[in-house]
Amino acid sequence: MKAFILDADHQDNRVRLFLRGEKECIIAEASIEPYFYLVREHGLTHSQVEKCAGVTRVEEVEKEELGRKRKYFRVFVKEPALVPQVSEAFENVADHRENDVSFVYRYLIDNNLYAGRMYDFDVVAGRVKAAKPLENATPDLRMLSFDIETYAPRGRMPDAKKDPAIIIGMKNGKTHVMSWKEDKLRNEKEMLQEFVKSVKHYDPDVIVGYNSSNFDIPYLLKRAQANKVKLLLGRDATEPLLRKGMRSGADINGRVHLDAYDGVEFLTIIGALRLPKNDLDSIYFELRGKHKVPIDKSRIGEMWDAGGKQLDLLRRYNEEDTIAAYEIGREILPLYLELSKIIGLPLYSVSRMSASQMVEWMMVREAFLRGEVTPKRPDRHAVSARMANPIKGAFVKLPEEGLHERIAVCDFRSMYPSIIISHNLGPDTLDCSCCSKPFVAPEVGHKFCTNRKALMPHVLEKLIDERLAVKKEMKNHKPGSEAYRSLHFRQWALKIIANASYGYLGFARARWYSREAAESTTALGRKYIHETMDKAEKAGFKVLYGDTDALFLKLENKSVEDSKKFVDKINSELPGRMELEFQGYYPRGLFVTKREGGAAKKKYALIREDGTIEIKGFEFVRRDWANVAKEAQEQVITAVLREGDTKKAVDAAKKFIELVRKRKLGVEDVKIYTQLVRKPSAYEQQAPHVKAAKRLLEAGYDVSAGDVLEYVVIEGEGSISDRSIPVQLLGDKRYDPEYYINNQVLPAVMKILKELGISEEELRGKGKQQDLKNWFE
DNA sequence: GCGAGCAGCGTACCT
DNA sequence: ACAGGTACGCTGCTCGCG
């Protein structure tokens with residue numbers, strides 16, 4: 001059967017595989033002997049281990065771990081559940097290894113099977129006998145998104161014990177919203193049954209929700225219980241299984257429960273997405289350019305009771321959430337599928353992993369393939385010791401403030417991965433005993449083996465080679481075609497994992513953490529960027545700025561061609577896989593002065609020849625600035641870069657100040673977003689967002705760490721914090737024009753205008769010194 | 001008792 | 001729960017003056 005492993009779990013010693021073929025999904029079983037390792041030390045004997053209850057047999061093996069040979073007992077046990085138990089029993093006698101590799105992962109890794117990839121499975125009597133890898137593309141997955149609305153009386157959050165679910169929306173191709181006031185459904189119970197029936201009928205491979213692990217699925221489970229029905233969403237007609245722990249989850253057997261919220265967080269962390277906040281409305285706006293129907297969540301109960309137009313509006317609201325979840329699913333499912341194919345673990349598991357976990361599981365698999373033992377996770381003390389001792393990072397050159405012309409930007413392609421590969425860096429090649437001439441890292445002096453390839457460089461090389469091949473293959477396909485799209489997601493997935501590798505080396509909780517390898521990586525990075533800057537100056541360019549792996553060259557009297565030739569010259573002198581890339585030419589660019597003087601790093605604006613503008617670091621790109629300040633700054637930057645028009649820039653700034661002063665702005669223009677990273681009581685300073693959070697709490701809202709707050713500074717007495725009111729509680733309170741001029745618009749625009757020699761006074765139109773208060777006559 | 005000056009907290013950005 | 005480098009608003013303390 002031509003199929004791929006969509007999902008897998010186990011019952012006792014039997015691994016259960018959900019094999020997704022062209023159309024059908026069948027269940028097949030397989031098995032493997034569960035095992036783990038004990039390090040042979042402290043006089044522990046073979047027979048001692050063998051005698052332990054649950055142990056079936058013991059092998060004496062010699063294997064490599066972190067570049068060193070060691071002796072282990074490979075301990076086989078009766079069933080998977082005994083792996084943690086038996087290893088625990090030896091805790092005070094011998095160190096264990098790989099006792100935390102789950103049974104399904106063990107099966108996939110040890111059999112060299114990659115979930116997500118196509119195989120020709122030989123299934124006899126429901127058991128997998130063999131699997132032959134195929135080149136075929138994965139068949140299209142059936143995806144269903146869903147979203148629920150729940151009833152609650154005004155003034156409190158819904159309580160799953162007593163408040164019913166009232167609406168369920170679903171979308172596969174088309175959208176279907178049902179509620180039990182309409183749609184021939186008489187009550188909540190019938191709606192729940194209808195939902196289960198729809199899922200069974202459509203038989204999706206993937207069920208997408210938004211925050212469904214924490215809300216929709218737990219809620220529906222409780223409601224099903226209250227109505228004495230079962231929420232049988234699994235392919236084996238089972239209910240979702242809620243997972244507790246550090247990260248809650250909801251497993252649906254045989255399907256992939258994709259929580260789009262996880263996906264959005266993941267994209268945000270890797271820098272592929274930036275939204276003011278990660279809620280469905282922000283996403284809806286990002287995807288469709290318009291906001292969802294505005295409804296007050298605390299009034300959902302009333303709207304339900306009112307029926308008619310109110311209920312229609314509520315259904316519309318639900319429909320938009322369902323659509324948004326579906327659209328996010330369409331974007332992240334192909335990405336997760338490619339990640340799953342690369343890592344080889346089931347799609348559902350991968351969708352719940354952080355980038356570092358993805359790197360780590362790739363390493364675990366590759367270590368197995370190389371016959372190596374996986375190091376154990378560091379304990380709490382090791383983690384805090386690692387964190388207490390941070391690693392020196394990248395070099396950032398002080399730029400030259402002001403307006404500059406004719407800039408070429410170059411950067412090192414995948415700098416850190418290239419360094420790790422080119423110099424064979426890793427904990428397993430550090431201080432080897434086999435090399436008479438090891439590589440010695442500059443500045444830090446760590447020595448690395450030059451004979452045997454380390455695990456991380458080995459993994460990275462595979463990732464990067466594969467990515468180059470995929471990029472090449474993409475040229476054979478039309479952009480927009482299905483094949484192109486899938487290749488795009490593949491190269492993106494490969495890039496994500498490669499880019500996370502350096503961070504992983506320096507990640508305190510990593511099994512393959514290596515302070516030495518990580519600090520050698522950054523030391524080499526600093527060496528390469530410094531050397532390249534020196535060479536650029538010698539070649540007659542002016543190095544305007546540089547950060548980590550990027551450098552900005554001012555062409556002066558040289559041509560763009562010259563800068564490209566310079567890049568070629570550098571590449572001819574670089575070792576291994578190191579490569580400098582010409583990134584682009586910019587006719588104009590702007591750097592500014594810090595408030596306390598001196599040029600600011602990590603803040604600049606560039607314009608391309610086609611007139612498009614790139615803004616980095618400025619208030620314009622920060623969510624914790626009001627829109628009015630951001631828009632004013634954008635217009636000023638645009639006037640300066642596109643037209644070189646100082647007057648236009650000044651006029652734009654004045655226009656915004658006037659708007660503020662005349663109170664022409666709405667909440668959207670003046671609200672400020674700030675994330676609350678802890679619970680409100682945990683702050684020592686009463687910052688504006690902390691005060692806003694406390695006000696929300698007082699008013700009976702739920703506020704928790706991680707929430708992004710929206711607040712407005714209103715007029716009145718007291719500090720800014722005293723006057724920071726969350727938008728939910730704004731009522732008819734008015735924004736403070738003085739604050740928005742002096743603390744928002746002016747700093748944002750003056751930062752730019754100051755570089756053109758314009759003073760705050762000139763902004764006011766008169767050349768004289770005047771008190772800012774004059775704006776408020 | 002009061003304002004100026006400043007350190008440190010806190011957030012979000014860049015590579 | 002991926003790294004370090006950086007800017008900068010705001011609070012709340014210290015200090016000098018009277």
Report which part of the nucleic acid [X] touches: base, sugar-phosphate, or nothing (heavy-atom distance under 4.0 Å, all strands).
{"X": "A:Arg526", "answer": "nothing"}
{"X": "A:Ser719", "answer": "sugar-phosphate"}
{"X": "A:Gly503", "answer": "base"}
{"X": "A:Ser721", "answer": "sugar-phosphate"}
{"X": "A:Val359", "answer": "nothing"}
{"X": "A:Arg622", "answer": "base"}
{"X": "A:Ala355", "answer": "nothing"}
{"X": "A:Asn743", "answer": "sugar-phosphate"}
{"X": "A:Tyr604", "answer": "sugar-phosphate"}
{"X": "A:Gln357", "answer": "nothing"}
{"X": "A:Phe618", "answer": "nothing"}
{"X": "A:Gln685", "answer": "base"}

Between [X] and [N], is there a contact of a side-chain N or O with OP1 or OP2 at under 4.0 Å?
{"X": "A:Tyr739", "N": "C:dC10", "answer": "yes"}
{"X": "A:Lys603", "N": "C:dA7", "answer": "no"}
{"X": "A:Ser354", "N": "C:dC2", "answer": "yes"}
{"X": "A:Ser356", "N": "C:dC2", "answer": "yes"}
{"X": "A:Arg623", "N": "B:dA12", "answer": "yes"}
{"X": "A:Lys602", "N": "C:dT6", "answer": "no"}
{"X": "A:Arg274", "N": "B:dC14", "answer": "yes"}
{"X": "A:Asn499", "N": "C:dC2", "answer": "no"}
{"X": "A:His689", "N": "B:dG10", "answer": "no"}

Would you give the length of the straight line joining atom CG of A:Leu460 to atom CE of A:Met363, rounded to the nearest 0.5 angstrom?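 It comes to 8.5 Å.
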Which distance, rounded to the nearest 0.5 Å, do you find between the CZ of A:Arg588 and the CD1 of A:Ile613?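 It comes to 10.0 Å.
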Between A:Ile391 and A:Thr593, who's closer to the 5' end of DNA chain C by nearest nucleotide?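 Counting from the 5' end, the first nearest nucleotide belongs to A:Ile391.
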Regarding A:Lys554 and A:Glu400, does a basic nitrogen lie under 4.0 Å from an acidic carboxylate oxygen?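 Looking at A:Lys554 and A:Glu400, the cut-off is not met.
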[X] [atom1] to [N] [atom2], straight-line distance once rounded to whole Å:
{"X": "A:Arg509", "N": "C:dC2", "atom1": "CZ", "atom2": "P", "value": "10 Å"}
{"X": "A:Arg386", "N": "C:dA3", "atom1": "CZ", "atom2": "P", "value": "12 Å"}
{"X": "A:Phe591", "N": "B:dC14", "atom1": "CZ", "atom2": "P", "value": "13 Å"}
{"X": "A:Asp624", "N": "B:dT11", "atom1": "CG", "atom2": "P", "value": "10 Å"}
{"X": "A:Lys751", "N": "B:dC13", "atom1": "NZ", "atom2": "C1'", "value": "12 Å"}
{"X": "A:Lys397", "N": "C:dT6", "atom1": "NZ", "atom2": "C1'", "value": "17 Å"}

For A:Lys694 and A:Gln686, which I'm curious about, is there any donor-acceptor pair between the side chains at under 3.5 Å?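 Yes, A:Gln686 and A:Lys694 have a side-chain donor paired with an acceptor closer than 3.5 Å.
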Tell me which one of A:Phe266, A:Tyr210, A:Phe215 satisfies ring-ring contact (aromatic ring centres under 6.0 Å, His included) with A:Tyr261.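 For A:Tyr261, the ring-ring contact (aromatic ring centres under 6.0 Å, His included) test succeeds with only one of A:Phe266, A:Tyr210, A:Phe215, which is A:Tyr210.
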Hey, which of A:Leu494, A:Leu345, A:Leu347, A:Ile497 is the one that makes side chain to side chain contact (heavy atoms under 4.5 Å, CB included) with A:Leu339?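 Exactly one option meets the side chain to side chain contact (heavy atoms under 4.5 Å, CB included) with A:Leu339, and it is A:Ile497.
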